[in-house]
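Structure below; questions to follow.
Counting convention: from 1, in listed order, for ligands and their atoms alike.
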Amino acid sequence: MNPKIEVNDLNLWFGRVHILQDIDIIIPANQVTAVIGPSGSGKSSLLRCFDRTNELITRTKTTGHIVIDGRDLAFEDPLDLRSRVGMIFQQPASLPGSIYENVAVGPRLFGIRDRRKLDVIVEESLTRAALFNELKDRLKKSAGALSGGQKQRMAIARALALNPEVLLFDEATSALDPISTQRVEDLIDKLKSTTTIIMVSHNMQQAARVSDHTLFMNVEEDGAARVVEFGPTDKIFTNPEDEKTERYITGRFG
Ligand SMILES: Nc1ncnc2c1ncn2[C@@H]1O[C@H](COP(=O)(O)OP(=O)(O)OP(=O)(O)O)[C@@H](O)[C@H]1O
Ligand SMILES: [Mg+2]
């Protein structure tokens, strides 16, 4: 297993509230890691540690280290980091403006002005997001008119336009219909050849279907979230070590 992200003794507080406690995990490169666990078990908070967006929330404090390819995130420029680590949210978001502008926004932010370069990036990103053929005749039209599933694949294309090494999906299909969900799952499967993917899901079938490794988080009685179990998805879903994992994946709690 080739490690992409090493998380060492990570702790997170919002104000005085201890949210994540003593997280130690290694996320493998070019695989899909599912993050599962009940509501409030710190899954989104953990994802926000990887692109350092917790620090945009007031009064957060982080200790410990997250190292991507040997580089400690703490010493990176946050904007550069967020170009290498993309996030896809639950609600498919389109920005005002055209489909083209929605995909070009990241490269523009990083100073690419050349129209032909942008054209190539937009086409490649939409192609990788399995959306180009569907939308190629209306790239200059407003993105607002797209369906939820198309908007979500456009959000993926927007992230891909920056050539990210890591993509974070936070319940990215839970607002989508089954066919759009399938498309995003197919996409995740393709993208993992070039990208390390971490995917939060409340859907156990989806986590089992799509991921290679699974991380189960839970909130303990003291209110802080910890890792209960982390391992190959087959093992977590067929023969978990911890009784809490078993109860969660079989739907008996959470
Ligand atoms: N901005 C914030 N300020 C204060 N507390 C927060 C903030 N965001 C999250 N929390 C708290 O952190 C804890 C973990 O929340 P988080 O959103 O990470 O859980 P989650 O596992 O993603 O839950 P869900 O499955 O419902 O999305 C919760 O107790 C939540 O109330
Ligand atoms: Mg969440």
Practice problem: Say whether Asn30 and Asn2, considering side chains only, have a donor N or O and an acceptor N or O under 3.5 Å apart. | Solution: no

Exercise. Please report which non-hydrogen protein atom sits nearest to atom 11 (C) of ligand 1, along with the residue it belongs to and the distance in Å to one decimal place.
Key: Ile19 CD1, 3.7 Å

Exercise. Check each of Cys49, Gly15, Ser39 against atom 26 (O) of ligand 1 and report the one with the nearest heavy atom.
Key: Ser39

Exercise. Any chance you could measure Thr63, atom OG1, to Asn11, atom CG, to the nearest 0.5 Å?
Key: 4.0 Å

Quiz item: Which protein heavy atom lies closest to atom 17 (O) of ligand 1, and at what distance to 0.1 Å?
Solution: Ser44 CB, 3.9 Å

Quiz item: Using a distance-only test with no angle check, is there a side-chain donor-acceptor pair under 3.5 angstrom linking Ser180 and Asp177?
Solution: yes

Quiz prompt | His202 heavy atom under 4.0 Å from ligand 1 | solution = yes

Quiz item: Which protein non-hydrogen atom lies closest to atom 1 (N) of ligand 1, naming both residue and atom, and how far is it?
Solution: Ile57 CG2, 3.5 Å

Quiz prompt | Residue pair Ser44 / Asp170, side-chain donor-acceptor N/O under 3.5 Å | solution = yes

Exercise. Report the nearest protein non-hydrogen atom to atom 29 (O) of ligand 1: residue, atom name, distance rounded to 0.1 Å.
Key: Gly40 O, 4.3 Å

Self-check item: Any donor-acceptor N or O pair under 3.5 Å, side chains Asp9, His65
Solution: no

Quiz prompt | Which segment of Arg48 sits under 4.0 Å of ligand 1 when only heavy atoms are counted | solution = side chain

Quiz item: Any salt bridge between Glu55 and Arg48, counting N to O under 4.0 Å?
Solution: no

Practice problem: Tell me, please: is Met217 in heavy-atom contact with ligand 1, that is, under 4.0 Å? | Solution: no

Quiz prompt | Heteroatom test (N, O or S) for Ser44 near the Mg ion (ligand 2), limit 2.8 Å | solution = yes

Quiz item: Among all protein non-hydrogen atoms, which one is nearest to atom 16 (P) of ligand 1, and what is the separation to 0.1 Å?
Solution: Ser45 OG, 3.6 Å

Practice problem: Give the residue, atom name and distance (to 0.1 Å) of the protein heavy atom nearest atom 8 (N) of ligand 1. | Solution: Phe14 CE1, 3.4 Å

Quiz item: Are any non-hydrogen protein atoms located under 4.0 Å from atom 31 (O) of ligand 1?
Solution: no

Quiz prompt | Any N or O of Gly42 closer than 3.5 Å to N or O of ligand 1 | solution = yes

Practice problem: Please confirm whether Arg115 makes a cation-pi placement over Tyr100, using NZ or CZ under 6.0 Å from the six-membered ring centre and within 45° of the ring normal. | Solution: yes

Quiz item: Has Gly37 got any heavy atom lying under 4.0 angstrom from an atom of ligand 1?
Solution: no

Quiz item: If you measure from the Lys or Arg side-chain nitrogens to the Asp or Glu carboxylate oxygens, is any gap between Lys244 and Glu229 under 4.0 Å?
Solution: no

Quiz item: Applying a strict 4.0 Å limit to heavy atoms, is Pro38 in contact with ligand 1?
Solution: yes

Quiz item: Looking at the rings of Tyr248 and Phe216, which for Trp means the six-membered one, are their centres under 6.0 Å apart?
Solution: yes

Quiz item: Which protein non-hydrogen atom lies closest to atom 21 (O) of ligand 1, naming both residue and atom, and how far is it?
Solution: Lys43 NZ, 2.7 Å

Exercise. Name the closest protein heavy atom to atom 27 (O) of ligand 1, giving the residue it belongs to and the distance to 0.1 Å.
Key: Glu171 OE2, 3.4 Å

Quiz prompt | Asn203 side chain to Ser201 side chain, donor-acceptor N/O pair below 3.5 angstrom | solution = no

Quiz item: Got a salt bridge between Glu243 and Arg247, using NZ or NE/NH1/NH2 to carboxylate O under 4.0 Å?
Solution: yes

